[in-house]
Amino acid sequence: MKLKIAVPSKGRISDPAVKILEKAGLGLKDASNRKLFSETYNKDINVMFARAADIPEFIDEGICDMGITGYDLIEENDADVEILLDLQFGQTKLVLASPDDSPIKSKEDLKDGMTIATEFPKLTKEYLESDNLDIKIVKLTGSTEIAPFIGIADAITDLTSTGTTLNMNHLKIVDTILESSIKLIANKESYKEKKNLVEAVSTSIQGVLEAGRKKLVMMNVAKKDLCEVQKVMPAMSGPTVSEVLSKEETMAVQAVVDENEVFELVNKLRNAGARDILVVPIERIIQ
Ligand SMILES: Nc1ncnc2c1ncn2[C@@H]1O[C@H](COP(=O)(O)OP(=O)(O)OP(=O)(O)O)[C@@H](O)[C@H]1O
Ligand SMILES: O=P(O)(O)OC[C@H]1O[C@H](OP(=O)(O)OP(=O)(O)O)[C@H](O)[C@@H]1O
Ligand SMILES: [Mg+2]
């Protein structure tokens with residue numbers, strides 16, 4: 001039984017998606033450009049490349065079993081899929097925005113008869129319907145930010161992450177409609193029929209995400225200093241201590257710690273008597 005994963009073929013989320021699969025042990029056998037399919041180093045799992053915007057539909061319809069794409073696209077396509085993981089990249093938000101000098105400064109300033117340009121008509125319509133506003137929606141396929149300046153819209157809804165595009169086009173954020181990031185999703189039937197394989201992929205990717213924030217700290221400690229070192233040693237399940245065969249009165253100590261604790265910890269460990277301290281990246285942590 002094979003499992004097919006849909007991966008964005010281009011754009012800002014394509015490379016990070018391929019990289020997280022590689023770290024999860026699902027490296028692509030052929031990631032050359034313009035290929036539609038690639039095997040992975042797991043004989044039961046293949047990858048299909050597609051536009052991020054098409055992936056929600058492909059998973060909903062079962063054309064692929066799993067996929068990696070943006071939450072905004074899942075919602076805009078009203079895709080009925082299982083959202084398994086937040087992949088902690090591609091954070092963005094869909095916002096209502098208007099020209100800097102526009103009187104539209106809040107949602108309340110929107111009036112019947114106005115026009116909004118967007119690449120996300122469904123999400124925009126839902127956002128407006130909640131206030132029974134009779135506002136025309138103009139669907140564009142990109143460069144939405146110019147719409148208010150060529151007379152086709154009073155305001156826009158668009159994705160923003162750094163805010164650069166809005167600032168460069170003299171647009172201000174009026175309201176946030178949806179927070180989004182990149183998700184690992186699965187077809188609901190596949191999740192039942194290929195549950196083991198789907199969960200194996202999800203667990204492995206979760207292990208990569210967990211490990212991303214952790215480091216393995218290893219060191220040698222004289223037996224006389226062990227107590228002092230253990231006092232400063234935060235750890236997931238207590239440090240591991242073992243005999244150093246080559247040095248009698250010395251113990252090898254190691255523990256997994258959060259990367260943001262490492263700087264302070266290393267100095268405390270040295271002061272407590274630890275020597276030969278190594279800080280090692282971790283590829284995956286499977287609880
Ligand atoms: N600043 C951003 N603008 C747009 N999308 C973003 C942004 N940050 C993250 N994303 C996420 O990436 C997804 C795909 O956006 P992206 O623009 O990379 O793909 P694309 O539009 O298909 O490719 P391209 O922009 O190169 O045409 C978006 O739906 C969203 O989930
Ligand atoms: O807040 P920022 O970091 O400026 O990002 C926001 C911009 O990114 C997206 O466009 P993209 O670059 O994906 O081009 P596209 O419109 O062709 O998809 C989006 O449509 C905005 O224009
Ligand atoms: Mg884009």
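Counting starts at 1 for both ligands and their atoms, in listed order. Computed over heavy atoms, backbone and side chain alike; hydrogens, waters and symmetry mates excluded.
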* To do: Please list all pairs passing the salt bridge (Lys or Arg N to Asp or Glu O under 4.0 Å) test where one or both residues lie in residues 100-109, with sequence neighbours left out.
  => Lys107-Asp131
Mark whether [atom] lies under 4.0 angstrom from at least one protein heavy atom.
{"atom": "atom 12 (O) of ligand 2", "value": "yes"}
{"atom": "atom 25 (O) of ligand 1", "value": "no"}
{"atom": "atom 15 (P) of ligand 2", "value": "no"}

* Asked: Quick check: does any side chain N or O of Glu76 sit under 3.5 Å from a backbone N or O of Lys122, one acting as donor and the other as acceptor?
  ->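 Checked: pair present.
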What protein heavy atom lies closest to [atom]? Include the residue and the distance to one decimal.
{"atom": "atom 30 (C) of ligand 1", "answer": "Asp72 OD1, 3.4 Å"}
{"atom": "atom 11 (C) of ligand 1", "answer": "Ile182 CD1, 4.0 Å"}
{"atom": "atom 20 (O) of ligand 2", "answer": "Asp158 OD1, 3.2 Å"}
{"atom": "atom 8 (O) of ligand 2", "answer": "Arg12 NH2, 3.3 Å"}
{"atom": "atom 5 (N) of ligand 1", "answer": "Leu159 CD1, 3.4 Å"}
{"atom": "atom 9 (C) of ligand 1", "answer": "Gly90 O, 3.3 Å"}
{"atom": "atom 18 (O) of ligand 2", "answer": "Glu119 OE1, 4.9 Å"}
{"atom": "atom 12 (O) of ligand 1", "answer": "Ile13 CG2, 3.5 Å"}

* When only distance counts, is Ser143 in polar contact with ligand 2, meaning an N/O pair under 3.5 Å? ->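 Among all N and O atoms of Ser143, none is under 3.5 Å from an N or O of ligand 2.
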* **Gly163 N/O under 3.5 Å from ligand 2 N/O** =>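 So ligand 2 has an N or O lying under 3.5 Å from an N or O of Gly163.
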Proximal atoms of ligand 2 relative to [X] (non-hydrogen, under 4.0 Å):
{"X": "Thr160", "value": "1 (O), 6 (C)"}
{"X": "Glu145", "value": "22 (O)"}
{"X": "Thr164", "value": "1 (O), 4 (O)"}

* contact_flag Met168 ligand 2 heavy-atom lt 4.0 Å ->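 The answer is no: ligand 2 sits nowhere under 4.0 Å from a heavy atom of Met168.
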Numbering as shown, the atoms of ligand 1 that approach [X] to under 4.0 Å (heavy-atom distance):
{"X": "Ser161", "result": "1 (N), 2 (C), 8 (N)"}
{"X": "Gly11", "result": "18 (O), 23 (O), 26 (O)"}
{"X": "Leu73", "result": "29 (O)"}
{"X": "Arg51", "result": "20 (P), 22 (O), 23 (O), 27 (O)"}
{"X": "Gly70", "result": "31 (O)"}

* **From CG (Asp158) to CZ (Phe120), nearest 0.5 Å** =>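 Reported value, rounded in 0.5 Å steps: 7.0 Å.
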* Got a second to check how far Leu159's CG is from Leu178's CG, nearest 0.5 Å? ->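 Going from CG on Leu159 over to CG on Leu178, the span is 8.5 Å.
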* Asked: Can you tell which of Leu84, Ile45, Ile59 makes a side chain to side chain contact (heavy atoms under 4.5 Å, CB included) with Met66?
  ->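 Looking at Leu84, Ile45, Ile59, the match for Met66 under the side chain to side chain contact (heavy atoms under 4.5 Å, CB included) is Leu84.
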* To do: Only heavy atoms count here, so choose which of Leu166, Ile173, Thr144, Thr162 is nearest to atom 2 (P) of ligand 2.
  =>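 The residue whose heavy atom sits nearest atom 2 (P) of ligand 2 is Thr162.
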* To do: State, without any angle test, whether Lys93 and Thr160 hold a side-chain donor-acceptor pair at a distance under 3.5 Å.
  => no
* Assess the side chains of Thr250 and Asn220: does a donor N or O sit below 3.5 Å from an acceptor N or O? => no
* To do: Apply the salt bridge (charged side-chain N to carboxylate O under 4.0 Å, His left out) test between Asp258 and each candidate in Lys214, Lys215, Arg213; give the one that qualifies.
  =>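 Single pass found, and it is Lys214.
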* **Pi-cation contact, Tyr191 with Lys195 (under 6.0 Å, within 45°)** =>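 Yes; both conditions hold, so Lys195 lies above the ring face of Tyr191.
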* **Partner set under salt bridge (charged side-chain N to carboxylate O under 4.0 Å, His left out) for Lys231, not counting sequence neighbours** =>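 Checked Lys231 against salt bridge (charged side-chain N to carboxylate O under 4.0 Å, His left out); matches are Glu228.
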* Asked: Got a sec: does the CD of Glu129 have more than 12 other heavy atoms crowding it under 6.0 Å?
  -> yes
* Looking only at heavy atoms of Ala53, does any of them come nearer than 4.0 Å to an atom of ligand 1? ->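 No; Ala53 lies far enough from ligand 1 that no heavy-atom distance drops under 4.0 Å.
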* **Polar contact flag for Arg12 and ligand 1 (N/O pairs, less than 3.5 Å)** =>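 Yes - when backbone and side-chain N and O of Arg12 are compared with those of ligand 1, one distance drops under 3.5 Å.
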